[in-house]
Novice: 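One structure is given below, represented as structure tokens, and several questions about it will come after.
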Amino acid sequence: MKSDIDGMMKARNLDAIIVFGNAEHNPPMTYLTGGGHVSHATLIKKRDEKAILFFGDMERDEAAKSGLRLIPYSKYDFDELSKKANRDGLLAGAYRCELMLKDAGVNSGRVGVYGTYDLSAVFGMLSHLQKLFPQIEFVGEAREDSIFMRIMETKDESEVARIRKMGKITTNVVAQVAEFLTSCNVNADEVLLKEDGSLLTVGDVHSKIRLWVAEQGAELPSGFIFAIGRDAGVPHSAGTPSDLMRLGQTIVFDIYPAEAGGGYYYDFTRTWSLGYATPQAQELYDQVREIFEKLSENFDLNAPFKNYQQMTCEYYESKGHKTPLHTKSPVEGYVHGLGHGVGLNIHERPFSSLLNGDDHRLAPGVVITSEPGLYYPEKGMGFRIEDTLWVRPDGKMETLAEYPYDFVLPMKNWKK
């Protein structure tokens, strides 16, 4: 949690942190400021002291909502700094950042660098700044184990409430998509039709998903997956817009919207087959559903997340499928990890990879996904079921948005 930041900085031997970029769609900045329309900002936090937010004057009211100590960029005469730098914009930025660090009381030590921003600009400016300020060591961290990933791993109840609200929005949209698809007319070739009688495509469904998410006041900053047939067998295929919507083909619908402005995500997947399913597809879906339910029954408080990846692999291998347990980088069968944390990032700690340490645990307060799947693109089918779960303080696992697991969706205007 946010209150852990100073302890984590001490553990990492960081005297300060600096975060670059917008307050929106920038998890480290959003986490510390609360978000809002503050662009091209800089945040500096010295260990055991309150963070300072540096911002443009035009966004002073938005910056004030952060509750942080504020210093406008206008305090630093950028024209004079630019002249001093012979109009080298990166060097002028370094001069300004040197002054900002001094105003934050950071004159030496180790400073962690974070944020989502143009890599070239930050690298260039810091290269100059390191020469101007040799007393400071600028430190980068591996993303999956950075102090932000660590402190964001455990959510408080206000964060969980926001994720739960996104879950409700997500399932509302999924229900709209299901209602739309099952209400379509179908031609003799088992292709769904639009109201005007033309053929319905995956691209048409994509457009409706984007519209319905926007109408719910959410965004899709990381995209989404709605893929049919062969594309459903490639886990991260978003779907080919020109593909026709046909009966009896598997559809993987993986949707992960976020609060407007780059806030908290939800992550959710269902697999459908419209009208009917082939026996082979039904058998594979039933296996995915069986391990999904087995996992739900066996999640234990504080257990390493990778234990459940191991359980999933062993189950699938017992059914004759390849998995990462004994196949390096499989492209069919079970090909990915079981799940991951969810928050301001769509993927964050804890992770379920077999390569991760035991510190990736189902600890109280974490929010995770459980998403077993099977993928056979050359057979024209793929399957995944996914819910987002909260490990409550009492140790119980709670699904944050309930939704049916029906595989075959009956068509209202078609009979087999």
Side-chain angles (χ1 to χ4, degrees), residues 5-6 9-10 12-143 146-148 262:
I5 188 168
D6 289 304
M9 289 172 67
K10 183 177 181 180
R12 297 291 174 89
N13 192 26
L14 292 176
D15 299 288
I17 60 172
I18 185 166
V19 184
F20 295 101
N22 303 334
E24 296 179 313
H25 298 287
N26 184 0
M29 187 73 83
T30 301
Y31 194 65
L32 295 181
T33 65
H37 186 67
V38 184
S39 55
H40 306 290
T42 306
L43 182 147
I44 300 175
K45 175 178 163 45
K46 190 175 181 181
R47 193 171 74 216
D48 297 323
E49 295 186 13
K50 192 172 183 178
I52 302 173
L53 183 62
F54 300 84
F55 62 95
D57 283 10
M58 291 188 294
E59 295 165 349
R60 57 189 178 276
D61 290 345
E62 289 290 318
K65 295 176 184 177
S66 70
L68 301 177
R69 181 183 167 193
L70 304 176
I71 297 179
Y73 285 137
S74 58
K75 176 181 178 181
Y76 313 100
D77 189 334
F78 200 76
D79 187 53
E80 287 301 314
L81 295 175
S82 185
K83 290 177 182 177
K84 180 180 177 181
N86 293 318
R87 301 302 176 183
D88 182 329
L90 291 175
L91 180 56
Y95 284 138
R96 182 172 69 180
C97 199
E98 178 186 23
L99 296 173
M100 290 158 54
L101 285 163
K102 289 179 178 177
D103 281 345
V106 181
N107 297 296
S108 62
R110 287 165 48 87
V111 177
V113 181
Y114 308 91
T116 301
Y117 207 56
D118 182 81
L119 180 62
S120 180
V122 172
F123 178 79
M125 187 275 291
L126 287 179
S127 297
H128 285 298
L129 185 59
Q130 185 69 84
K131 296 173 185 176
L132 296 173
F133 224 154
Q135 309 95 307
I136 289 180
E137 176 189 358
F138 292 102
V139 178
E141 293 192 288
R143 177 187 179 275
S146 74
I147 62 169
F148 280 98

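Please read all numbers here as calculations on a predicted model, not as lab measurements.
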Novice: Rounded to the nearest 0.5 Å, what's the gap from CZ on F148 to CD on E141? Could you check?
Specialist: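 So the gap between those two atoms works out to 9.0 Å.
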Novice: So, do M9 and K45 sit near enough that their side-chain heavy atoms are less than 4.5 Å apart?
Specialist: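 Yes, at least one pair of side-chain atoms sits under 4.5 Å.
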Novice: With a 4.5 Å cut-off on side-chain heavy atoms, are T33 and L43 touching?
Specialist: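 When only atoms from C-beta onward are counted, T33 and L43 do touch, with a gap below 4.5 Å.
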Novice: Taking the ring centre of each residue, are F55 and H40 less than 6.0 Å apart?
Specialist: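 Judged by ring-centre distance (under 6.0 Å), F55 and H40 do not meet the cut-off.
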Novice: Would you give the length of the straight line joining atom CG of D88 to atom CG of L81, rounded to the nearest 0.5 angstrom?
Specialist: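 Going from the CG atom of D88 to the CG atom of L81 covers 12.0 Å.
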Novice: Taking V111 as the fixed residue, which of V139, I136, L129 is the one that meets the side chain to side chain contact (heavy atoms under 4.5 Å, CB included) rule?
Specialist: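 Considering V139, I136, L129, a side chain to side chain contact (heavy atoms under 4.5 Å, CB included) with V111 is found only for I136.
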Novice: Rounded to the nearest 0.5 Å, what separation is found between the CD1 atom of I52 and the CD1 atom of I44?
Specialist: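 Atom-to-atom, I52:CD1 and I44:CD1 are 7.0 Å apart.
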Novice: Got a second to check how far E137's CD is from Q130's CD, nearest 0.5 Å?
Specialist: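 Reported to 0.5 Å precision, the distance equals 7.5 Å.
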Novice: Any side-chain heavy atom of I147 within less than 4.5 Å of one from Y114?
Specialist: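 Side chain of I147 against side chain of Y114, heavy atoms only: contact under 4.5 Å found.
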Novice: If we count only N and O atoms by modelled type, under 3.5 Å, do the side chains of T30 and E24 hold a donor and an acceptor together?
Specialist: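 Looking only at side-chain atoms, E24 and T30 do not form any donor-acceptor pair under 3.5 Å.
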Novice: Output yes when a side-chain donor or acceptor of R60 lies under 3.5 Å from a complementary backbone atom of P72, and no otherwise.
Specialist: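 Such a contact is absent between R60 side chain and P72 backbone.
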Novice: Using a 3.5 Å distance criterion without hydrogens, assess whether the side chain of R110 forms a donor-acceptor pair with backbone atoms of D15.
Specialist: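 Side chain of R110 to backbone of D15: no pair is present.
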Novice: Can you name the closest pair of heavy atoms from P28 and V19 and give their distance?
Specialist: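 In terms of heavy atoms, the two residues are closest at CB-CG1, 4.0 Å.
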Novice: Working to the nearest 0.5 Å, report the span between CG of L90 and CZ of F123.
Specialist: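 Atom-to-atom, L90:CG and F123:CZ are 10.5 Å apart.
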Novice: Considering all heavy atoms of both residues, which atom of T116 and which atom of P27 are nearest to each other, and what is their separation?
Specialist: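 Shortest heavy-atom separation between T116 and P27 comes out as OG1-CD, 4.2 Å.
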Novice: With heavy-atom distances below 4.5 Å as the criterion, would you say the side chains of L70 and F54 are in contact?
Specialist: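 No, their side chains stay 4.5 Å or more apart.
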Novice: Decide, yes or no, whether a salt bridge links D79 with K83 under the criterion of side-chain N to carboxylate O below 4.0 Å.
Specialist: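 Counted as a salt bridge, because a side-chain N and a carboxylate O are separated by less than 4.0 Å.
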Novice: Do Y73 and F78 have ring centroids that are under 6.0 Å from one another?
Specialist: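 Centroid separation for F78 and Y73: 6.0 Å or greater.
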Novice: Is it the case that more than 12 heavy atoms not belonging to F138 sit under 6.0 Å from its CZ atom?
Specialist: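 Yes, because the 6.0 Å sphere around CZ of F138 holds more than 12 heavy atoms from other groups.
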Novice: Measure across L53 and M29 and return the closest heavy-atom pair with its distance rounded to 0.1 Å.
Specialist: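 Closest pair (atom of L53, atom of M29, distance): CD1-SD, 4.2 Å.
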Novice: Using residues 91-106 as the side-chain source, report each donor-acceptor pair under 3.5 Å to any protein atom, sequence neighbours left out, with the distance given to one decimal.
Specialist:
residue : atom : partner : partner atom : Å
D103    : OD2  : K75     : NZ           : 2.9
D103    : OD2  : Y76     : OH           : 2.6

Novice: Could you please spell out the steps behind the side-chain hydrogen bond (donor to acceptor under 3.5 Å, both in side chains) verdict for N22 and S39?
Specialist: CA-CA 4 Å; N22 303 334; S39 55; 4.7 Å; no
Novice: Do I17 and L32 have side-chain heavy atoms sitting under 4.5 Å apart?
Specialist: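 Side-chain contact under 4.5 Å: yes.
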Novice: For K131 versus P134, what's the shortest heavy-atom pair and its separation?
Specialist: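 Result for this residue pair: O-CD, 3.6 Å.
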Novice: I'd like to check L126 versus V113 (side-chain heavy atoms, cut-off strictly below 4.5 Å). Are they in contact?
Specialist: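 Yes, close enough: below the 4.5 Å cut-off.
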Novice: Would you call D6-K46 a salt bridge at under 4.0 Å N-O?
Specialist: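 Looking at D6 and K46, the cut-off is not met.
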